[in-house]
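Just below is one structure, and these are the notes that go with it.
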Amino acid sequence: MIDLRSDTVTKPTKEMRQAAFEAKVGDDVYGEDPTLLELEGTAAEKLGKEAAMFVPSGTQGNQIAVLTHCQPGQEIILEAESHIFYYEGASISAFAGVQPRTIAGNHGVMDPELVKSAIREDDIHMPETGLICLENTHNRAGGAIVPLDNMKEIYQIARANHVPIHLDGARLFNAAVATGIDVKAYAAQTDTVQFCLSKGLGAPVGSIIAGSNEFIKQARKWRKRLGGGLRQAGIIAAPGLVALNTMIDRLAEDHENARYLADGLQEVGGLSIGNNVDTNIVLVNTEGAGLTSHEFLDKLKQHKILGNSFGPNTIRLTTHFDVTCSEIRTVIEKAGLLTK
Ligand SMILES: *Cc1c(COP(=O)(O)O)cnc(C)c1O
């Protein structure tokens with residue numbers, strides 16, 4: 001199978017398996033797992049934040065951020081197709097008791113003026129704005145990079161209004177590698193940040209959330225409440241350390257492969273590319289081929305190629321280190337046969 005459904009399908013490398021095997025461990029609920037502490041320290045340093053905490057998944061990391069920043073009855077501002085709004089089972093409402101205020105972005109980028117005007121005034125009728133969430137790279141916008149200047153503008157507005165900002169940076173390292181801008185520069189424009197170890201970075205499990213010491217202290221309590229306090233977690237933290245230490249720069253290869261894939265598919269009659277392909281995601285529109293996304297995906301599957309549906313006529317193909325350039329060539333060839 002050539003599996004382009006997501007970069008979450010990557011299997012841990014030999015080095016990661018070895019690191020897990022040899023990891024020094026302790027009980028992390030007692031703060032005694034040396035490997036996990038090293039991972040959190042390394043992550044905090046890379047992001048330029050005071051502290052960081054390991055969480056089992058990106059979704060849990062985002063939800064802990066919302067729970068820690070907000071009070072029930074508040075409102076949070078977020079992009080209309082953001083992961084937190086679109087793909088997290090309404091947990092901001094179910095768990096944190098906040099209501100979403102969505103703003104439609106352009107390629108995942110929110111207009112700072114619209115964010116500003118969405119912040120609530122002090123008025124007895126209205127909810128308070130408890131948080132602004134950003135997403136970089138933006139998943140549903142096809143791995144789109146949110147420009148640093150846009151983040152800066154929104155952060156200034158947020159600070160002027162005493163509203164915190166959380167960055168869902170599940171694929172933040174993809175943005176950093178593609179632009180050459182240090183992740184620290186992005187993280188400096190937000191109070192807290194979540195990123196995934198388990199996507200393009202290739203670790204089997206886990207995400208990091210980072211912020212101030214005070215934020216992480218409260219976040220640890222929320223993680224425990226949610227059942228995310230882990231014991232000998234060094235076993236899963238060790239591959240995460242390998243990911244952070246060795247897998248960041250190679251994301252550039254995934255970006256090259258995505259570009260190659262998009263250029264190839266663009267030439268296939270009936271298909272068109274629906275995003276700018278800034279990083280490792282290609283959105284393909286199948287309408288011109290007279291096929292729905294599911295029909296096209298079924299045909300691809302018969303040729304042992306997997307992708308995800310991202311709408312009635314849109315599929316998402318994601319590159320990662322378990323797909324080679326020659327496999328990408330195969331995908332382009334097969335797509336050419338399918339649309340004839
Ligand atoms: C994958 C993803 C998440 C959630 O991560 P999980 O580990 O799958 O829970 C959050 N935000 C974005 C933008 C993502 O792409």
Side-chain angles (χ1 to χ4, degrees), residues 3-12 39 43 52-67 76 78-92 94-96 100 102 105 107-110 131-146 151 165-176 178 183 186-187 190 192-210 222-223 226-228 230 233 236-237 239-240 243-244 251 254-255 258 275 278-283 307-310 316-320:
D3 195 345
L4 298 172
R5 285 173 302 170
S6 177
D7 43 12
T8 55
V9 302
T10 48
K11 305 267 175 31
L39 172 61
M53 178 175 80
F54 179 83
V55 285
S57 70
T59 301
Q60 190 183 99
N62 284 336
Q63 292 310 319
I64 288 173
V66 175
L67 285 159
I76 74 176
L78 72 183
E79 204 281 321
E81 301 231 346
S82 63
H83 195 281
I84 295 177
F85 180 67
Y86 210 98
Y87 287 123
E88 299 190 11
S91 37
I92 56 166
F95 299 156
T102 57
H107 297 287
V109 180
M110 291 188 286
L131 183 66
I132 297 167
C133 293
L134 304 179
E135 184 172 315
N136 201 3
T137 63
H138 194 291
N139 183 355
R140 282 195 60 82
I145 295 170
V146 175
M151 291 180 61
I165 294 203
H166 172 67
L167 170 64
D168 178 357
R171 295 188 182 83
L172 183 60
F173 284 94
N174 292 83
V183 276
Y186 288 109
T190 70
T192 59
V193 48
Q194 181 277 122
F195 75 85
C196 292
L197 293 161
S198 59
K199 294 196 169 159
L201 297 179
V205 184
S207 275
I208 292 287
I209 61 173
W222 274 114
R223 186 183 65 175
L226 295 176
L230 303 174
I236 50 178
L244 273 188
L251 291 172
D254 300 345
H255 301 167
N275 65 327
D278 290 342
T279 55
N280 68 330
I281 294 176
V282 181
L283 300 182
N308 264 348
S309 173
F310 242 43
R316 186 189 74 167
L317 302 174
T318 307
T319 57
H320 52 76

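Counting convention: from 1, in listed order, for ligands and their atoms alike.
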Within the 3.5 Å criterion, strictly below it, is a donor on [X] or [Y] matched to an acceptor on the partner's side chain?
X    : Y    : answer
S82  : E135 : no
H83  : E88  : yes
H320 : N280 : no

Under 3.5 Å: donor-acceptor pair, side chain of [X], backbone of [Y]:
X    : Y    : answer
Q194 : G61  : no
N136 : I145 : no
R316 : R140 : no

>> What does the 4.0 Å heavy-atom contact list look like for ligand 1?
In response: S57, G58, T59, N62, H83, E88, E135, N139, D168, A170, R171, C196, K199
